[in-house]
Amino acid sequence: MCRMSDRPARWTQATVYPDMWADPDDDPRDSGGNSPDGELATLHDYLTGYRLTLRMKCEGLDAEQLARRSVPPSTMSLLGLVRHLAEVERNWRSWIGDGDPLPKLYGARDADFDGAVAEQAVVDAAYMDLAREQAATDAALAAHPDLGERVGKDGIAVRELLVHRIEEYARHCGHADLLRECVDGRVGQ
């Protein structure tokens, strides 16, 4: 007797390495060239890779799937992660400058996740917010190419900011792996 399950079957589009998200020739994260030269270029390469991974984990899903929550009581969703990372990018600029912190994009604590509702306008706004905030933070940090330079009120090293950005994306890409698998069963690195 066959039982119904609410768990989607696990699958991948990759045919060369079945534990991967995409085949090497189709993976936009694989430049196919040499690794970058220098610490700054390496840090930027890792950040770019994790940013692409997050987008890849969200691609091909509709608004309802992107807003689908993980297991209760968590409010985490793929859309919530996109919104959260936009908020985090914005917050990092407060660490770089000497002025007052920028106002929150989405409101009080956890509003980035709580407001991640299954509406296409919310999805579109989240992607626009993320792109804008990433570009603004990238530009603010580009003014400080010395990784040892200390910036902001707290005198945090640029290197620490860059490593923390990578850590934040890496952590949430791990969440995105699990969230995507719960949504439609797709797996892979």
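No hydrogens, no waters, no symmetry mates; every other heavy atom, side chains included, goes into these values.
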Taking all atoms of both residues into account, what is the closest heavy-atom pair of [X] and [Y], and its distance?
X    : Y    : value
A67  : A116 : CB-O, 3.5 Å
Y106 : A111 : O-CB, 3.0 Å
P101 : S94  : CA-OG, 3.2 Å
R150 : A157 : NH1-N, 3.5 Å
V158 : H144 : CG1-O, 3.6 Å
R83  : A126 : CG-CB, 3.6 Å

Would [X] and [Y] show up in the same hydrophobic cluster when neighbours are defined by side-chain heavy atoms closer than 4.5 Å?
X    : Y    : value
V187 : L81  : no
L105 : V117 : no
W92  : V163 : yes

What distance do [X] atom [atom1] and [Y] atom [atom2] have between them, rounded to the nearest 0.5 Å?
X    : Y    : atom1 : atom2 : answer
L79  : Y127 : CG    : OH    : 7.5 Å
L141 : I96  : CG    : CD1   : 3.5 Å
L130 : R132 : CG    : CZ    : 9.5 Å
Y46  : I166 : OH    : CD1   : 8.5 Å
H84  : F113 : NE2   : CZ    : 5.0 Å
D62  : Q120 : CG    : CD    : 8.0 Å

Option passing side-chain hydrogen bond (donor to acceptor under 3.5 Å, both in side chains) with R159 (candidates E149, H164, E39):
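Of the listed residues E149, H164, E39, the side-chain hydrogen bond (donor to acceptor under 3.5 Å, both in side chains) partner of R159 is E39.
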With distance as the sole test, does [X] use its side chain to make a donor-acceptor pair with the main-chain N or O of [Y] at under 3.5 Å?
X    : Y    : result
R68  : V183 : yes
D184 : R186 : yes
E133 : E87  : no
S70  : L179 : no
R90  : A136 : no

Side-chain contact, heavy-atom cut-off 4.5 Å: R93 with L161?
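A side-chain contact is absent here, since even the closest heavy-atom pair is not under 4.5 Å.
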What pairs of donor and acceptor atoms, side-chain ones from residues 47-61 against any protein atom, are under 3.5 angstrom apart with sequence neighbours left out?
from: T48; atom 1: OG1; to: H44; atom 2: O; distance (Å): 2.9
from: R51; atom 1: NH1; to: D138; atom 2: OD2; distance (Å): 3.0
from: R51; atom 1: NH2; to: E89; atom 2: OE2; distance (Å): 3.0
from: R51; atom 1: NH2; to: D138; atom 2: OD1; distance (Å): 3.1
from: T53; atom 1: OG1; to: R29; atom 2: NH1; distance (Å): 2.9
from: T53; atom 1: OG1; to: G49; atom 2: O; distance (Å): 2.9
from: K57; atom 1: NZ; to: D177; atom 2: OD1; distance (Å): 2.7
from: K57; atom 1: NZ; to: G188; atom 2: O; distance (Å): 2.5

Check the surroundings of atom CG in D19: do more than 12 heavy atoms from other residues, nucleotides or ligands lie under 6.0 Å from it?
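Yes, CG of D19 has more than 12 neighbouring heavy atoms, counting only those of other groups under 6.0 Å.
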Under the salt bridge (Lys or Arg N to Asp or Glu O under 4.0 Å) test, residues paired with R69 that sit two or more places apart:
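By the salt bridge (Lys or Arg N to Asp or Glu O under 4.0 Å) rule, R69 matches no residue at all.
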Here's a test for you: under side chain to side chain contact (heavy atoms under 4.5 Å, CB included), which of L85, V82, V88 qualifies with H172?
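Exactly one pass, corresponding to L85.
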